[in-house]
Asks: 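Here you go, one structure.
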Amino acid sequence: MSELLRLLRVFLPVLSGCSINQYQPSHFQFTTIVEKTEAGADGWRAACIHATVVNKSTLEPYFCKFGVGMPIATEKFGWMSEPLAQRIAADCANEALREVIASPVSPLPGLVCKQFTGTFNIVLNRAVLGSRVTAWCEEETKPIRVDF
């Protein structure tokens, strides 16, 4: 792929305002960390993402590595299938992306990833209590590279 096409793939969604819904459920390849063995809330799954995040004011791409952890079952929802967990994670990541992009204050270079993962953590935990987004990945997970 030519350098120009690669740059357009990274920047065009931001320039056109279409950077919404870029994370897909398939980006969240969960690994079971703790098996569900009891009734009620139990078990833990995690995914690892290596993504490119673009600073909206400078259009500079930043590499962002983060882990996503979710319970396998919760008191509120019961058992959650992996496709459901993937859909929730993708929807929450896209909501966090919208919030970061819509923010009137652009983050300083180097803080883009921190702002995104912090916002993603809040949004995901609001959707599924007990979930978390961290700056590190569980050892058992396989990193999934996401290039926009």
Side-chain angles (χ1 to χ4, degrees), residues 1 5-56 59-103 106-107 109-148:
M1 181 182 309
L5 285 175
R6 188 186 70 74
L7 288 172
L8 283 175
R9 271 187 62 206
V10 171
F11 295 129
L12 195 56
V14 173
L15 294 172
S16 67
C18 296
S19 57
I20 308 307
N21 296 329
Q22 291 203 19
Y23 285 100
Q24 300 298 316
S26 62
H27 293 146
F28 298 89
Q29 295 297 311
F30 286 104
T31 299
T32 299
I33 305 299
V34 177
E35 293 286 340
K36 178 175 174 30
T37 59
E38 299 178 13
D42 192 29
W44 188 255
R45 59 171 54 113
C48 181
I49 308 291
H50 291 185
T52 302
V53 178
V54 179
N55 181 307
K56 72 174 185 167
L59 299 180
E60 290 181 73
Y62 295 95
F63 180 71
C64 187
K65 172 184 169 182
F66 57 94
V68 178
M70 297 178 75
I72 293 173
T74 68
E75 293 295 332
K76 183 175 181 179
F77 298 113
W79 180 78
M80 290 190 302
S81 68
E82 186 168 342
L84 177 58
Q86 290 174 304
R87 167 53 54 201
I88 291 169
D91 289 349
C92 291
N94 290 321
E95 182 178 334
L97 188 60
R98 280 191 294 274
E99 287 183 26
V100 170
I101 289 171
S103 173
S106 295
L111 296 180
V112 174
C113 183
K114 185 174 181 168
Q115 183 178 356
F116 169 73
T117 56
T119 303
F120 184 14
N121 185 59
I122 291 166
V123 172
L124 184 62
N125 195 49
R126 191 172 36 210
V128 179
L129 188 63
S131 296
R132 68 176 177 240
V133 178
T134 61
W136 51 272
C137 294
E138 298 275 356
E139 262 184 53
E140 300 90 338
T141 59
K142 176 185 172 204
I144 301 299
R145 179 112 180 130
V146 179
D147 291 312
F148 299 119

Asks: Kindly say whether Glu38 contributes a backbone atom to a donor-acceptor pair with the side chain of Lys36 at under 3.5 angstrom?
Replies: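 Between the backbone of Glu38 and the side chain of Lys36 there is a qualifying donor-acceptor contact (under 3.5 Å).
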Asks: Please name the pair of heavy atoms, one in Ala89 and one in Phe30, separated by the smallest distance, quoted to 0.1 Å.
Replies: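 In this case the closest contact between Ala89 and Phe30 is CB-CZ, 4.2 Å.
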Asks: For the residue pair Ala93 and Phe28, what are the closest heavy atoms and their distance?
Replies: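 Shortest heavy-atom separation between Ala93 and Phe28 comes out as CB-CZ, 3.9 Å.
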Asks: To the nearest 0.5 Å, what is the distance between OG1 on Thr74 and CE on Met80?
Replies: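 Atom-to-atom, Thr74:OG1 and Met80:CE are 5.5 Å apart.
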Asks: How long is the span from the NZ atom in Lys65 to the CD1 atom in Ile49, to the nearest 0.5 Å?
Replies: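 It comes to 12.0 Å.
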Asks: Let me confirm one number: the CZ-CD distance from Arg87 to Gln24, rounded to the nearest 0.5 Å.
Replies: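 One gets 7.0 Å once the value is rounded to the nearest 0.5 Å.
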Asks: When rounded to the nearest 0.5 angstrom, what distance separates NE2 in His27 from NE2 in His50?
Replies: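 Here the rounded value is 14.0 Å.
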Asks: Any side-chain heavy atom of Val123 within less than 4.5 Å of one from Glu99?
Replies: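 In short, these two side chains touch, coming nearer than 4.5 Å.
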Asks: Gly40 and Ala73: which non-hydrogen atoms are nearest, and at how many Å?
Replies: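 Gly40 and Ala73 have their closest heavy atoms at O-CB, 3.5 Å.
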Asks: Show me the donor-acceptor pairs within less than 3.5 Å that the side chains of residues 131-139 make with the rest of the protein, sequence neighbours left out.
Replies:
from   : atom 1 : to     : atom 2 : distance (Å)
Ser131 : OG     : Val128 : O      : 2.9
Thr134 : OG1    : Trp136 : O      : 2.6

Asks: Once you round to the nearest 0.5 Å, how far does SG of Cys92 lie from CG of Asn121?
Replies: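 Nearest 0.5 Å value for the SG-CG distance: 10.5 Å.
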Asks: Would you say that Glu95 contacts Tyr23 through its side chain, given a criterion of any heavy-atom pair below 4.5 Å between the two side chains?
Replies: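 Side chain of Glu95 against side chain of Tyr23, heavy atoms only: no contact under 4.5 Å found.
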Asks: Looking only at non-hydrogen atoms, find the nearest pair between Met70 and Ala85 and report the distance.
Replies: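 Result for this residue pair: SD-O, 3.7 Å.
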Asks: Using the rule given for side-chain contact (heavy atoms from CB on, under 4.5 Å), can you reason through Ile72 versus Thr32, listing the C-alpha separation, both sets of side-chain angles and the distance that settles it, and then say yes or no?
Replies: CA-CA 8 Å; Ile72 293 173; Thr32 299; 3.8 Å; yes
Asks: Locate the shortest heavy-atom distance separating Pro25 from Ala90; write the atom from each residue and the value.
Replies: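 Minimum heavy-atom contact is N-CB, 3.6 Å.
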Asks: Using the side-chain contact (heavy atoms from CB on, under 4.5 Å) rule, pick out the option among Ile88, Asp91, Leu129 that qualifies with Leu124.
Replies: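 Of Ile88, Asp91, Leu129, side-chain contact (heavy atoms from CB on, under 4.5 Å) with Leu124 is met by Ile88 alone.
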Asks: Could you grab the distance from atom CZ of Phe120 to atom CG of Asn94, nearest 0.5 Å is fine?
Replies: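 One gets 8.5 Å once the value is rounded to the nearest 0.5 Å.
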Asks: Which pair of non-hydrogen atoms, one from Gln86 and one from Ser26, has the smallest distance, and what is that distance?
Replies: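 Scanning both residues completely, I find the closest heavy atoms to be NE2-CA, 4.4 Å.
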